[in-house]
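Step one of this worksheet: look at the structure below.
Side chains are part of it too, since the values below use all heavy atoms of this structure and drop only hydrogens, waters and symmetry mates. First the proteins, then the strands, lettered A, B, ... as listed; each starts at 1.
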Protein chains: 2
Amino acid sequence: MKKTKVSSTNQVNKNYLEDICMGAYALGIIGSRWKLSIFFNLKDRPMRFSELKYSLNGITERMLALNLAEMEKDKILTRIVFAEVPARVVYELTPIGKALTAVWDQLDNWGRQHKDLISADALL
Amino acid sequence: MKKTKVSSTNQVNKNYLEDICMGAYALGIIGSRWKLSIFFNLKDRPMRFSELKYSLNGITERMLALNLAEMEKDKILTRIVFAEVPARVVYELTPIGKALTAVWDQLDNWGRQHKDLISADALL
DNA sequence: TAAGGAGCTTACAAAATTGTAATCATGAAA
DNA sequence: TTTCATGATTACAATTTTGTAAGCTCCTTA
């Protein structure tokens with residue numbers, strides 16, 4: 001899925017931080033570029049691969065597949081395959097995945113506040 | 001501070017996401033390797049450069065200075081310089097910085113739940 | 001006048017993440 | 001038998017993030 005040099009200082013530091021701080025651990029799991037947006041799409045209803053692709057304007061199939069696979073491995077979502085042709089695959093949040101809702105809604109809120117503050121300051 | 005190719009697809013996608021999703025915007029500001037841990041250190045009291053350096057086992061001065069500078073630019077914290085020799089510099093969270101507490105505490109909590117779940121599953 | 005500590009800064013290099021483009025498997029329908 | 005759509009995978013290259021090592025500036029004290 002991805003190759004990391006297991007014993008680079010980089011990796012050691014990452015592991016250390018994720019070990020002493022569950023927040024860092026959480027960000028390690030769901031903090032990369034597209035995952036948050038995938039989450040927001042799946043929040044209300046399961047969606048299929050192609051729907052996500054169109055919704056996430058600009059994502060490549062590679063990135064989408066890669067992120068979905070990681071999120072599945074980390075039990076954030078479930079992959080449901082229908083035995084049809086052409087294949088139909090649907091992604092759905094797991095309970096622990098859905099439990100992110102409260103966190104992300106709050107973060108979204110903080111972001112809005114921060115942006116307002118910054119643009120207000122820019123007017124001075 | 002950092003040089004980014006303004007019009008790489010990478011940058012375009014980042015901007016797009018941060019534009020439509022305040023959560024992505026927020027992560028863009030405080031989602032990098034050390035920032036969360038800097039935040040957790042500063043949560044209870046202001047700290048000086050060298051204190052942070054020792055507390056964040058493994059961080060280099062470059063990374064610490066870089067992250068602190070960005071967080072100051074983004075108004076997450078305030079830099080307070082005392083006119084002493086040798087220099088004494090203290091970092092303190094701003095109100096909007098402190099407002100992250102609720103979010104990060106919740107994230108920390110989610111991380112703990114997630115880790116428990118994963119290790120429980122590993123026993124099967 | 002030389003050393004020393006705190007807080008940076010710089011040039012450089014390693015590593016990780018993200019993107020490009022081409023290709024594949026499936027099996028139904030043309 | 002060829003074509004088609006969906007969901008994926010692969011080899012490769014660009015971009016970004018992080019780390020290394022050295023040096024710099026302030027003034028004070030020896």
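We find that CZ of B/Arg62 is positioned 12 Å from C1' of C/dA14, with the value rounded to whole Å. Residue B/Phe49 contributes atom CZ, which lies 14 Å from atom C1' of D/dT25 at whole-angstrom precision. For the pair A/Trp34 CH2 and C/dA16 C1', the interatomic distance rounds to 18 Å; values are reported in whole Å. Rounded to a whole Å, the NZ atom of B/Lys14 is 15 Å from the P atom of D/dT15. Atoms OH (A/Tyr16) and P (D/dT18) sit 16 Å apart, rounded to a whole Å. Here C/dT17 presents its P atom at 9 Å from NZ of A/Lys35, a figure rounded to the nearest Å. Atom CD in B/Glu61 sits about 15 Å away from atom P in C/dT10, given to the nearest Å. What separates CG of A/Leu17 from C1' of D/dT17 is a distance of 14 Å, to the nearest Å.
For A/Asn10, whose side chain is taken as the heavy atoms from C-beta onward, the closest listed nucleotide among D/dT9, C/dG7, D/dT18 is D/dT18. Side-chain atoms of A/Pro86 lie closest to D/dA5 of the nucleotides C/dG19, D/dT20, D/dA5. Residue B/Val89 has its side chain nearest to C/dC8 when only C/dC8, D/dG7, C/dG27 are considered.
Between B/Gln11 and the phosphate of D/dT15, there is no side-chain N or O to OP1/OP2 separation shorter than 4.0 Å. In terms of phosphate contacts, B/Arg79 brings a side-chain nitrogen or oxygen within less than 4.0 Å of OP1 or OP2 of C/dC8. For the pair A/Thr9 and C/dA15, the criterion of a side-chain N or O lying under 4.0 Å from OP1 or OP2 is not met. Residue A/Arg88 has no polar side-chain atom (N or O) positioned under 4.0 Å from OP1 or OP2 of D/dG7. Not one side-chain nitrogen or oxygen of A/Ser8 sits closer than 4.0 Å to the OP1 or OP2 atom of D/dT18.
Note on B/Tyr91: only backbone sugar-phosphate atoms sit closer than 4.0 angstrom, heavy atoms only; bases stay farther off.
If you chain together ILVMFWY residues whose side-chain heavy atoms come under 4.5 Å of each other, A/Leu123 ends up in a group of its own.
Map A/Asn13 and A/Ser50 each onto its nearest nucleotide of DNA chain D; the residue landing nearer the 5' end is A/Ser50.
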Query raised in the report: For A/Arg33 and B/Asn10, what are the C-alpha separation, side-chain angles and deciding distance, and is it a side-chain hydrogen bond (donor to acceptor under 3.5 Å, both in side chains)?
Result: CA-CA 10 Å; A/Arg33 171 77 51 91; B/Asn10 193 313; 2.6 Å; yes
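At distances below 3.5 Å, at least one donor-acceptor pair connects side-chain atoms of B/His114 with backbone N or O atoms of A/Asp74.
In terms of heavy-atom proximity, A/Leu36 sits nearest to B/Cys21 at CD2-SG, 3.4 Å.
Between A/Arg112 and A/Asp116 there is no salt bridge, since none of the side-chain N atoms of the basic residue sits less than 4.0 Å from a carboxylate O of the acidic one.
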